[in-house]
Amino acid sequence: RSPSRGLGDVYKRQVSYLGIDDIKYYEVPTPTTEILYRTGLQQGQVLDVIFTQNFSRRLNVSLSYKGIRSLGAYRQALVSNGNFRGAFHYRTKENQYEIRGHLTSQDFFHQENGGLTTEALQNFIDEDENFDQRSRLDVNLNDAESQFDGTRVYLEHSYKLLANKDSISDKDFSNLKIGHIFTNENKEYNFNQTTTTTAIFGSANDSGASNNDAKSTITNNEVNLEFNSKYVLGKFKAKALLTSYSYGYDTIFNSNSTINKLKLEGNAISFGADWNAKIKNFKLNANAAVTPGTGRLSGNYLKGEAIFEKDSLFGLKGSLLISSKSPNFNTLLHQSKYDAYNWQNDFSNVNTRDLGFSFTSKWINAGLNFTNIDNYTYFDENNLPQQFGNQITYLKVKANREFKLWKFGLDNTVMYQNVTSGSSVFRVPEIVTRNTFYYTDEWFKGKPMLVNIGITFKYFTKYNANAYNPLLAEFTLQNTNEIGFPTFDVFFNARVRRTRLYLKADNVTSSFSKKNYFSAPNYPYRDFTVRFGLVWNWFI
């Protein structure tokens, strides 16, 4: 992919945001509907509905909507999200022309409570019985909320200039195809607060601006040429991409602000290629792109993979990633009515190099990654964006092994992480483990129900996890609180024909365990919670 597509997220409030690769395209023999329902934490629910139909063998249309409205146990903990997706896929009778695309409209509303106050945090840790009802605990923010909205139009189509049967020699040159990809994506984010909270965010000077949205627009136009040839040992695609971007604000928010540029805007042209080849048991994949110049989107991207597979016994993969891309726009330009949250920076590109190895087999799956990062961009203890002057060196080792005996199974995943250089700004837990013990069987006469019952243990070692800043919707460095705790989750899954049911009890030991479980400093992880859900498919 191109460096411009590799840009970091403009806004961090995108946990449930569906990107281009998250949109699915279908082909079904009969109209199909799938409904997913799940209960929320305290009140509320999740509903995801998908409908898809083939109007002919070559044309499919799908409509989907996911809605979430969930109220947490603490004050100011309401979340309301919506994800609409509409997609289509069409190809001509001889597959000479193919087109697919989608339209998305997504909105995310969050009440922001800023975590527990110092006194409330101590009451939580001390297990004061007067605060077993979590809504009694005071929070730092009582009238703050954030809103993130995004829309996207995506269109991808291609035309075969030369098919296999048209070629003089299929082995020399075939499947010549020209393609075009268009993307237009718009995002808006704002943080609204009725009462100014100087004790948390510092002094403020509101300019009285009526619009406090940060807006982003990125438009991509890619043309590509793809073909198969023995001279390149497989499939090769050459591509060129024109990107236009705009990020920023319509006006000044802070009357003391010294910002002299309201928007970051520009255009960039990228050139790249993709290559896929197979030689006996080896597969080789590579994609590269470069955006020349000195603009904000200048950079490069190179990823290569070499895969060896020995039948079904084992597989080996080596990978190399080299990239240079702009830091998140949020670190380059930001405005707020609070004085300390206004900046305009000209940071260098973040350079990343990653060397990875993985091994898969019926005995064990394992992976190893060495990562180096230059100009790592982060938010410091004062909530200000910074670039690290030294190199970050990061090692990750991950292994998975599943044991099965009769109707029982034990699935184990362990990950080791070590930051040998740059641990003062790049922080990760040293050990992360996830272990699931489960029982699977078919119940009742005729075996109409498949059940899966088990317990999952999760744990990560203590480390100075980054703190969450609700004004920025970013995580910032902190050096006062270590986080690391175990959790046990119990689950029951069942499948009856086309209906899947599940029941999950989160953090079942919370009622008698030490109150040391936090998602981030000052933000307690959920107490014991039972959630129910189902997935229902039907065909017309």
Side-chain angles (χ1 to χ4, degrees), residues 1 5 9-41 43-71 78-91 98-110 146-158 181-189 216-220 493-504 531-540:
R1 72 185 174 186
R5 283 188 178 179
D9 291 335
V10 178
Y11 315 107
K12 285 296 184 181
R13 178 64 78 188
Q14 299 190 40
V15 177
S16 302
Y17 188 78
L18 300 177
I20 293 175
D21 295 335
D22 297 318
I23 305 301
K24 297 180 180 179
Y25 302 89
Y26 303 92
E27 184 173 346
V28 293
T30 182
T32 303
T33 302
E34 178 178 283
I35 294 180
L36 178 149
Y37 171 83
R38 182 173 68 242
T39 56
L41 294 179
Q43 300 177 25
Q45 54 277 319
V46 179
L47 184 66
D48 194 356
V49 180
I50 302 171
F51 172 77
T52 180
Q53 177 178 351
N54 268 64
F55 289 92
S56 70
R57 289 189 175 184
R58 300 184 299 276
L59 174 62
N60 176 271
V61 175
S62 64
L63 296 174
S64 312
Y65 182 78
K66 181 179 181 180
I68 301 175
R69 188 171 179 84
S70 180
L71 180 65
L78 176 65
V79 174
S80 180
N81 301 343
N83 305 77
F84 169 80
R85 299 93 74 195
F88 75 96
H89 182 201
Y90 171 78
R91 64 182 188 276
E98 185 173 5
I99 182 172
R100 69 176 189 176
H102 66 255
L103 170 69
T104 64
S105 178
Q106 307 180 68
D107 60 272
F108 304 87
F109 170 83
H110 291 249
S146 63
Q147 179 74 42
F148 170 67
D149 300 308
T151 60
R152 181 176 62 248
V153 176
Y154 177 84
L155 186 67
E156 176 183 355
H157 55 135
S158 62
I181 300 175
F182 170 80
T183 309
N184 178 261
E185 194 157 22
N186 299 279
K187 299 176 181 178
E188 293 185 16
Y189 175 79
S216 165
T217 299
I218 296 181
T219 302
N220 292 315
N493 303 319
R495 187 184 68 204
V496 182
R497 294 184 179 179
R498 297 192 300 267
T499 303
R500 287 166 285 165
L501 309 171
Y502 63 90
L503 188 71
K504 185 179 180 183
R531 293 183 293 166
F532 167 78
L534 64 86
V535 179
W536 185 21
N537 300 88
W538 74 85
F539 313 99
I540 301 176

Query raised in the report: Among side-chain atoms of Asn186 and Glu188, is any donor-acceptor pair under 3.5 angstrom?
Result: no

**Report entry** Residues Arg85, Asp22; criterion side chain to side chain contact (heavy atoms under 4.5 Å, CB included); working and verdict
**Finding:** CA-CA 10 Å; Arg85 299 93 74 195; Asp22 297 318; over 6 Å; no

Report task. Show your reasoning for whether side chain to side chain contact (heavy atoms under 4.5 Å, CB included) applies to Gln106 and Thr151. Result -> CA-CA 6 Å; Gln106 307 180 68; Thr151 60; over 6 Å; no

Query raised in the report: How long is the gap from CD1 on Ile181 to CG on Asn220, to the nearest 0.5 Å?
Result: 9.5 Å

Report summary line: Of all heavy-atom pairs linking Ile23 and Ala87, the shortest is CG2-CB, 4.4 Å

**Report entry** Pairwise side-chain contact, Glu156 with Ile99, heavy-atom cut-off 4.5 Å (strictly under)
**Finding:** no

**Report entry** Residues, nucleotides or ligands: over 12 heavy atoms within 6.0 Å of Arg69 CZ
**Finding:** no

Query raised in the report: Looking only at atom types and distance, does a side-chain atom of Asn184 sit under 3.5 Å from a main-chain N or O of Val153, one as donor and one as acceptor?
Result: no

**Report entry** Minimum side-chain heavy-atom gap Phe182-Thr219 below 4.5 Å
**Finding:** yes

Report summary line: In terms of heavy-atom contacts, Asp149 and Phe108 come closest through OD1-N, 4.3 Å

Report task. Using only heavy-atom distances, determine whether the side chains of Tyr90 and His157 contain a donor-acceptor pair under 3.5 Å. Result -> no

Query raised in the report: Would you say Arg100 and Arg91 make side-chain contact, with heavy atoms under 4.5 Å?
Result: no

Query raised in the report: With a 4.5 Å heavy-atom cut-off, do Phe148 and Phe109 have their side chains touching?
Result: no

Report task. Test side chain to side chain contact (heavy atoms under 4.5 Å, CB included) on Val49 and Tyr65 and set out the steps. Result -> CA-CA 5 Å; Val49 180; Tyr65 182 78; 5.6 Å; no

Report summary line: Scanning both residues in full, the closest heavy-atom pair of Tyr502 with Asn493 reads CB-OD1, 3.0 Å

Report task. Would you mind reporting whether Leu78 and His110 have side-chain heavy atoms less than 4.5 Å apart? Result -> no

Query raised in the report: Taking the side chain as C-beta and beyond, is there a heavy-atom pair between Leu41 and Arg531 under 4.5 Å?
Result: yes

Report task. Would you mind reporting whether Val61 and Tyr26 have side-chain heavy atoms less than 4.5 Å apart? Result -> no

**Report entry** cation_pi(Lys66, Phe84) dist<6.0 Å, angle<=45
**Finding:** no

Distance-only check: which donor-acceptor pairs under 3.5 Å involve side-chain atoms of residues 29-40, not counting sequence neighbours?
{"from": "Thr30", "atom 1": "OG1", "to": "Ile540", "atom 2": "O", "distance (Å)": "2.1"}
{"from": "Thr32", "atom 1": "OG1", "to": "Thr30", "atom 2": "O", "distance (Å)": "2.8"}
{"from": "Glu34", "atom 1": "OE1", "to": "Asn537", "atom 2": "ND2", "distance (Å)": "2.8"}
{"from": "Thr39", "atom 1": "OG1", "to": "Phe532", "atom 2": "N", "distance (Å)": "2.9"}
{"from": "Thr39", "atom 1": "OG1", "to": "Phe532", "atom 2": "O", "distance (Å)": "3.4"}

Requested in this report: Search all heavy atoms of Tyr25 against all heavy atoms of Gly101 and return the closest pair with its distance.
Outcome: CE2-O, 3.4 Å

Requested in this report: List the steps, then state whether side chain to side chain contact (heavy atoms under 4.5 Å, CB included) holds for Phe88 with Leu63.
Outcome: CA-CA 9 Å; Phe88 75 96; Leu63 296 174; over 6 Å; no

Query raised in the report: If you measure from CG on Asp48 to OG on Ser64, what distance do you get to the nearest 0.5 Å?
Result: 7.0 Å

Query raised in the report: Is there a donor-acceptor contact under 3.5 Å linking the side chains of Glu98 and His89?
Result: yes

Requested in this report: Scan side-chain atoms only and decide if Thr52 and Asn60 contain a donor-acceptor pair under the 3.5 Å cut-off.
Outcome: yes

Query raised in the report: Is the closest side-chain donor-acceptor distance between Asn81 and Asn83 under 3.5 Å?
Result: no

Requested in this report: Give a yes or no on this: more than 12 heavy atoms of other residues, nucleotides or ligands lie within 6.0 Å of atom CH2 of Trp538.
Outcome: yes

Query raised in the report: How about Leu103 and Ser105: do any of their side-chain heavy atoms sit closer than 4.5 Å?
Result: no

**Report entry** Heavy atoms from other residues, nucleotides or ligands near CZ of Arg495 exceed 12 (cutoff 6.0 Å)
**Finding:** no

